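These notes concern the structure reproduced below.
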Amino acid sequence: MIFSEGDPANGFYIVETGKVKIFKLSFEGKEQILHIYGPGNPFGEVPVFEGKSFPAYATAIKDSNLIFLERDRFVKVLSQTPSLAMTMLGMLSRKLREFTVQIENLSLKEVPARLASYILTLSEEQENGGKVTLPLSKAQLANLIGTTPETLSRMLKKLSDEGFISVQAREISILDAEGLSDYSEA
């Protein structure tokens, strides 16, 4: 565990190596993954600018090395370096856009469309010629797209049976990108 919801935000982190998940917990203990971050990704920075506590939990999901940037020192450097401030604004804007897409997917799309959208997003990020490697377990992926592992397995099989993808363990090959894109909008 890196931090818990409500902990004071006296700095933020950058993933040097490994993977970190950011998540919320319901009163019943149900987890909703908000983000999975890998090397080079900062996290926990929004409450640092607000001067408030962390609004979610963060935990490493594999062995990780993190860089910690203390709030007061970082804000001082930020005020003296306008280009760094612009970079941070750009990064925060990108995260806001990602949250908007995630909210849209969870509230307006059915599970198959959310899964198709996630696979296409991974394909864009990984730029591997239509081949995608799932960066997290199927249980974590199910949690990220707001479903159960059983439903996720059925949806992967359905997308495979319909010829959109081919699945080999954590490797997914996109066979019909246009069709998968249409499916993600359904």
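Bear in mind that the values here come from a model prediction, so they are computed numbers and not experimental data. Computed over heavy atoms, backbone and side chain alike; hydrogens, waters and symmetry mates excluded.
Between G44 and F54, the shortest heavy-atom distance links the atoms O-CE2, 3.5 Å. Residues F49 and R71 come closest through the heavy atom pair O-NH2, 4.1 Å. When all heavy atoms of P39 and T17 are compared, the pair lying nearest together is CG-CA, 4.2 Å. Of all heavy-atom pairs between K138 and V167, the closest is NZ-CG1, 4.5 Å. Closest heavy-atom contact between G18 and S64: CA-OG, 3.4 Å. For the pair Q32 and L144, the tightest heavy-atom approach, listed with the atom from each and the gap, is NE2-O, 3.4 Å.
Proximity of L25 to K30: side-chain heavy atoms (C-beta onward) are nowhere separated by under 4.5 Å. The shortest distance between side-chain heavy atoms of L141 and L115 falls below 4.5 Å. At a threshold of 4.5 Å between non-hydrogen side-chain atoms, the residues F43 and L66 count as touching. The closest side-chain heavy-atom distance from L152 to I145 is below 4.5 Å. A 4.5 Å side-chain heavy-atom check between I165 and I119 finds at least one atom pair inside the cut-off. The shortest distance between side-chain heavy atoms of K109 and E185 falls below 4.5 Å. Inter-residue side-chain proximity for K95 and H35 is flagged as unmet; no heavy-atom pair is nearer than 4.5 Å. Considering only heavy atoms from C-beta on, K21 comes within 4.5 Å of T59 through its side chain.
Rounded to the nearest 0.5 Å, atoms CE (M88) and OG (S93) are 11.0 Å apart. One distance of note links CG of N10 with CG of D72; it measures 8.5 Å at 0.5 Å rounding. Interatomic distance, CZ of R154 versus CG of L159, reported as 13.0 Å (0.5 Å rounding). Within the model, atoms CG of N143 and CD of E31 stand 5.0 Å from one another, a figure rounded to the nearest 0.5 Å. Rounding to the nearest 0.5 Å gives a distance of 15.0 Å between OH of Y37 and OH of Y13. How far CG of L134 is from CD of Q140: 11.0 Å, rounded to the nearest 0.5 Å.
The neighbour count for Q168 CD, taken as heavy atoms of other residues, nucleotides or ligands under 6.0 Å away, does not exceed 12. Atom CE of M1 sits in a crowded spot, with more than 12 heavy atoms from other residues, nucleotides or ligands closer than 6.0 Å. Around CD of E110, the count of heavy atoms belonging to other residues, nucleotides or ligands within 6.0 Å does not exceed 12. Atom CD of E178 has 12 or fewer heavy atoms from other residues, nucleotides or ligands within 6.0 Å. When the shell of 6.0 Å around CG of D63 is examined, it contains 12 or fewer heavy atoms from other residues, nucleotides or ligands. Within 6.0 Å of atom CZ in R97, 12 or fewer heavy atoms from other residues, nucleotides or ligands are found, so the atom counts as exposed in its surroundings.
L136 and I2 are assigned to two separate hydrophobic clusters, defined by single-linkage of ILVMFWY side chains at heavy-atom distances under 4.5 Å.
A side chain to side chain contact (heavy atoms under 4.5 Å, CB included) with I174 is found for exactly one of S166, S181, S123, namely S123.
D7 and S53 share no side-chain donor-acceptor pair at under 3.5 Å. Side-chain contact, R114 with S117: no donor N or O sits under 3.5 Å from an acceptor N or O.
Using cut-offs of 30° and 60° on the angle between ring planes, the pair Y183 and F164 is tilted.
By the 4.0 Å N-to-carboxylate-O rule, E5 lies close enough to K24 to be salt-bridged with it.
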